[in-house]
2 protein chains.
Amino acid sequence: MMPEWAGRGGATGRLEDDMSTPTTRPATLDDVARAAGVSRSTASRVIARTGFASPAARDRVAAAVDRLGYVPNPAARALVRGAGVRLVIAVSGTDATVLDDPYVDRVAGTAARVCAPHGLGVALEWLPLRGPTGLRRLGEDRGVCGVVLVNTTQPVLDAMPAGLRGRVASIGIGSVAVPSFDVDNGAGADAVVRHLCDTGRRRIAMVTGPRWLTCAGRSVAAYRALMRAAGLPVRLVAGDFTAARGGRAALEVLSRWPDTDAIFAASDATALGAISALRGRGIRVPGDVAVAGFDDIPYAAVSTPALTTATHPVRRIAEAAATAVLDGRRVPPVTAFPSTLVARDSA
Amino acid sequence: MMPEWAGRGGATGRLEDDMSTPTTRPATLDDVARAAGVSRSTASRVIARTGFASPAARDRVAAAVDRLGYVPNPAARALVRGAGVRLVIAVSGTDATVLDDPYVDRVAGTAARVCAPHGLGVALEWLPLRGPTGLRRLGEDRGVCGVVLVNTTQPVLDAMPAGLRGRVASIGIGSVAVPSFDVDNGAGADAVVRHLCDTGRRRIAMVTGPRWLTCAGRSVAAYRALMRAAGLPVRLVAGDFTAARGGRAALEVLSRWPDTDAIFAASDATALGAISALRGRGIRVPGDVAVAGFDDIPYAAVSTPALTTATHPVRRIAEAAATAVLDGRRVPPVTAFPSTLVARDSA
DNA sequence: GTGAAAGCGCTAACAC
DNA sequence: GTGTTAGCGCTTTCAC
């Protein structure tokens, strides 16, 4: 009996070819079609699950695919379909250092996992806050199959190129053209600040995220609302999600309002930086000042003191956003993810 | 003066075309060639920097590229070159949870940044420890332009498919066929343990990385050697780089050797977990037990107490590895990166 | 239901 | 130096 693989490796069918080439050329659609005794078109239809095919043909193609270990060439596929070949994670920010945030790595890593089975990959780019040139370029790049926006702003959303329609999603705020996958910041912040109040804190300051970031603004709004409702003073200092800025901000809080007894930070990194700076001043957490974060990064639970924060399903969010643009199916305009208080030791 | 972008969107130059088509078709090589008044080949040569071209042609093509905002289609390029279109980060491990490590996200994120300007993307995959099937599949997948190995083992290296030769790199140990981009673990561990000794610690335990991971073994070897040379007891407990395991390991250390006065953890996460567990037992760090980590993750500096560790240029390493496989140029078989002691407060 | 044929955009021989 | 030509592997009308 002739070995099943004898037909692989060349149109000539010369067995010598196979033997002389230790690296057998990966099977192509042609190989599959020939092995299955059908035309390329039929094989293509069966494999891409598009169009019709008789059960018989279907089976034989499937068997051939299996036997040959056939994997479609994503480049060829993308080329003929006019589709792209990489998913771009576009992170808005004032400068390229926004890409240094571990949160961005987490989103990229998650998306890279989602892309793998599709034969695609993810690229990471900084989207300058000013000038919509970046987005336009992405829309025109035929190598781009889709875009996931991170930290998006309204101007960016407004400048969305029509060419990107249907293959863009936002982790954060969205628009009619851009489905949003977002955390319910408002509720989360509300829960955290409420917890601070419930545990006896009264002079609560907040270190915010970057001013230009709309979705971070919702936390600030929630904090403001709660403070006002409770007749407590509003004490705001601007941060940028980094630990370094968090430390400086905490010190600023203390110098402006020395009687502060709690700090709500817009990110865990900010909170960690604040705690570190406070400790450097001999201030105890949570004894003297309670500190709460926002995000529940992987190290929040093992920091000292264990960080009180709001937990967000970042992996699930990134996965949902990436999947949405890859599948290209219509998705609801906004998918909200929970932001849930995790009360630990720091507040 | 005519705006620069007026010529965009079509070789015809008919402005009406531009106006009526909100989504201007991205320029192709053909458009560029026509606009520059040369053939496709010449344009291709100039753009891909391959082969010769007269300075005049060069200039005109460059101008056309600029004017049309031409971006080469990576799919077409990959297709004709027989190259792939995505860089795979393959992480070895006993199960898929190895992908959850923030370190892996960091590597993926960094690689995704270096891929972006090349029109490529990165995919993230778990490489089961047993069975070389995974690697073989990657070698046969025509969509894969290269592979970066993470946490590689000798068996994986030995099973390297010939087809991957020249387009694979390893963050960790390498082989004749696989260039290695690695941290000098031995020296780093030596420095950390030496620091522990220098600050008066004598009963030093180590929580290791996974047993099967060769490059982690070098830290253990360095620890062993130093202990032996100093006539100090060797106290080893197996970890897996996670914080959870680090906490349990610390407790185990204490129950087996209650007089332990220092713990050297094979990763910062492990160290953080250990500190957290110790604190839960009322043991003070560094007062009662000093704890040192390994890696210098972004939060090490702001943890409480600030973590003493060895710092590693993870971004630079990942960048070098990704660049090596993307460029495909010959690289030295092993590129060593420094592992440098950072003495902070925890030890 | 199935096959033949026409490209998708690009590169690389090979002639000129 | 430059242009002509032949595909890379796949999808997709369009006849049959």
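All heavy atoms count here, side chains included; hydrogens, waters and symmetry mates do not. A, B, ... follow the sequence lines: proteins, then strands. Residue 1 opens every chain.
When the options B:V334, B:V156, B:L157 are evaluated for a side-chain contact (heavy atoms from CB on, under 4.5 Å) with B:I173, the one that passes is B:L157.
Contact footprint of chain B on DNA chain C: nucleotides with an atom under 4.0 Å from a non-hydrogen protein atom, first to last in 5' to 3' order, C:dG9 to C:dA13. Chain A approaches DNA chain D over the interval D:dG9 to D:dT12, counting the first and last nucleotide 5' to 3' with an atom under 4.0 Å from its heavy atoms.
Side chains of B:T152 and B:S170: a donor-acceptor N/O pair is present below 3.5 angstrom, by distance only.
With hydrogens and angles disregarded, no donor-acceptor distance shorter than 3.5 Å links the side chain of B:W126 to the backbone of B:L99.
Contact of the A:R86 side chain with the B:V85 side chain is not registered, since no non-hydrogen atoms from C-beta on lie closer than 4.5 Å. Between B:T28 and B:R40, every side-chain heavy-atom pair lies at or beyond the 4.5 Å cut-off. With contacts defined as side-chain heavy-atom distances shorter than 4.5 Å, the pair A:R34/A:D30 qualifies.
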A:V98 vs A:V104, side-chain contact (heavy atoms from CB on, under 4.5 Å): CA-CA, chis, key distance, verdict
CA-CA 8 Å; A:V98 284; A:V104 169; 5.7 Å; no

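When heavy atoms are screened at a 4.0 angstrom cut-off, B:R45 is found touching base atoms of the nucleic acid. Here B:S41 lies in heavy-atom contact (under 4.0 Å) with a base. Using a 4.0 Å heavy-atom distance criterion, B:R40 is classed as a base contact. Residue A:S44 is classed as a base contact, given a heavy-atom separation below 4.0 Å to a base.
B:D100 has a carboxylate O that lies under 4.0 Å from a charged side-chain N of A:R113, or vice versa, which qualifies the two as a salt bridge.
Residues from residues 75-83 of chain B lying near DNA chain D, meaning a heavy-atom separation below 4.0 Å, are B:L79, B:V80 in numerical order.
The list of side-chain hydrogen bond (donor to acceptor under 3.5 Å, both in side chains) pairs with a residue in residues 316-331 of chain A, not counting sequence neighbours, is empty.
The distance from the OG1 atom of B:T335 to the CD1 atom of B:I317 is 10.0 Å, given to the nearest 0.5 Å.
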Identify each donor-acceptor pair in which a side-chain atom of residues 114-121 of chain A lies under 3.5 Å from a protein atom, sequence neighbours left out, and give them as a table.
none

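One end of the helix from C:dG1-D:dC16 to C:dC16-D:dG1 points its axis 30° away from the other end's axis, with each axis taken from 5 pairs and the angle rounded to 10°.
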